[in-house]
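Basis for what follows: all heavy atoms, side chains included, without hydrogens, waters or symmetry-related copies. Proteins get letters first, then strands, A, B, ... in listed order; numbering begins at 1 in each.
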There are 2 protein chains.
Amino acid sequence: MKPRHPHRTEDCRAVSDILQRVGDKWTVLVVGKLGDGPMRFNELRHAIGGISQKMLTTTLRGLERDGFASRTVFPTIPPRVDYELTDLGRELLVPVSALGEWARLNQGRVAEARMKFDATVA
Amino acid sequence: MKPRHPHRTEDCRAVSDILQRVGDKWTVLVVGKLGDGPMRFNELRHAIGGISQKMLTTTLRGLERDGFASRTVFPTIPPRVDYELTDLGRELLVPVSALGEWARLNQGRVAEARMKFDATVA
DNA sequence: CGGGATCCTACGGGATACTG
DNA sequence: CAGTATCCCGTAGGATCCCG
């Protein structure tokens, strides 16, 4: 039932780092969309909806920097840029999807706990 | 190789919500420590190290609100308050630990990609 | 089309002091 | 001991305009 080995602090730091990296407002949404295949900038923009172009740029740059996505430029006119998950990005998608599945299944329980708590406080 | 069903937007939103909730600076560290068993306020404080008391309070309140942790007050003098993961909290710990394990194993690859990217830009 | 450069605001989060 | 109350700062992130 209970994991037998205590959680080591340094490991938790690594988790914390990754989660903060992936836990910003848009990263998982972008990664999720890219999980369906390569996409162009505005294609992503409209598929996600609500994201500013600045934040999409920032998010994509971050993913590229960490090796989760690749950027391919076609020097045509008008220009065309494709974004795609790398192997590392697709591997990341595995545990992230698992967490996502958990979130999907348990969002009701969280919402309920939240309502109870708020009611008790008020 | 490739997951056959496309990621639905609403599901990704749920993932995003949970990840933002859990992706703040301290939540996973607190949850990780609580994973070893019930703990008192200052016990947590020192076990984690570097966290301000304000943020520990905030983080614990958040966990309590979402039903991930429980708070037990012993009306003694001096007061004693125990925090403990709920069942929901322990269940959350499963996919989070998986992601954590991934982070631990792959932090090298991320660091490498990051260095390469930074070198190329500069 | 795919951004870069700016400006601006809200909020996460630290430091410090006080309280029951 | 376990908080609450303030003050303060940096940064995430939105809106807008411009460019090749």
*Atom-pair distance (CE on B:Met55; P on D:dA2), nearest Å*: 19 Å

*Whole Å only: how far is the CH2 atom of A:Trp26 from the C1' atom of D:dA12?*
12 Å

*Looking only at side-chain atoms of A:Asp24, point me to the closest of D:dT4, C:dG3, D:dG13.*
D:dG13

*asked:* From CZ of B:Arg80 over to P of D:dC1, roughly how many Å is that when rounded to an integer?
replied: 12 Å

_Residue met sooner reading DNA chain C from 5', once A:Glu43 and A:Gln20 are mapped to nucleotides_ = A:Glu43

*Compare all side-chain heavy atoms of A:Leu92 with those of B:Leu99 and state whether any distance is below 4.5 angstrom.*
yes

*asked:* From CD1 of B:Ile51 over to C1' of C:dA15, roughly how many Å is that when rounded to an integer?
replied: 14 Å

*asked:* At less than 4.0 Å, is any side-chain N or O atom of B:Lys54 found next to OP1 or OP2 of D:dT6? Yes or no.
replied: no

*asked:* Looking at the base of C:dG14, is there any donor atom on it, or on the side chain of B:Gln53, that sits under 3.5 Å from an acceptor on the other one?
replied: no

*What integer distance in Å separates B:Ile48:CD1 from C:dG13:P?*
13 Å

*Looking at C:dG14, C:dG2, D:dG14, which one has an atom nearest to any side-chain atom of A:Pro79?*
C:dG2

*Give A:Phe74 one of three labels, base, sugar-phosphate or nothing, depending on what nucleic acid heavy atoms sit under 4.0 Å from its own.*
nothing

*In Å and rounded to the nearest 0.5 Å, what is the CZ to CG distance from A:Phe74 to A:Asp82?*
4.5 Å

*Specify the separation, in whole Å, of atom CE of B:Met39 and atom P of D:dC1.*
16 Å

*Considering heavy-atom distances to DNA chain C, does B:Gly23 or A:Arg40 have its closest nucleotide positioned more toward the 5' end?*
A:Arg40

_Candidates C:dG14, C:dG4, D:dG3 - which lies nearest the side chain of A:Thr57_ = C:dG4

*So, is A:Tyr83 near the phosphate of C:dG3, with a side-chain N or O under 4.0 Å from OP1 or OP2?*
yes

*Indicate, with a heavy-atom threshold strictly under 4.0 Å, whether A:Arg61 touches base, sugar-phosphate, or nothing.*
sugar-phosphate

*asked:* Are the side chains of B:Leu60 and B:Glu64 in contact, using a 4.5 Å heavy-atom criterion?
replied: no

*Between D:dG13 (P) and A:Leu60 (CG): distance, integer Å*: 14 Å

*Atom CG of A:Leu44 and atom P of C:dC1: how far apart are they, to the nearest Å?*
14 Å

*Output the single nucleotide from D:dT4, C:dG14, D:dG14 whose closest atom is nearest the side chain of B:Lys25.*
C:dG14

*State the CZ-CG distance between A:Phe117 and B:Asp66, to the nearest 0.5 angstrom.*
9.0 Å

*Please name all residues satisfying side-chain contact (heavy atoms from CB on, under 4.5 Å) with B:Lys25, sequence neighbours left out, ordered by chain then number.*
A:Gln20

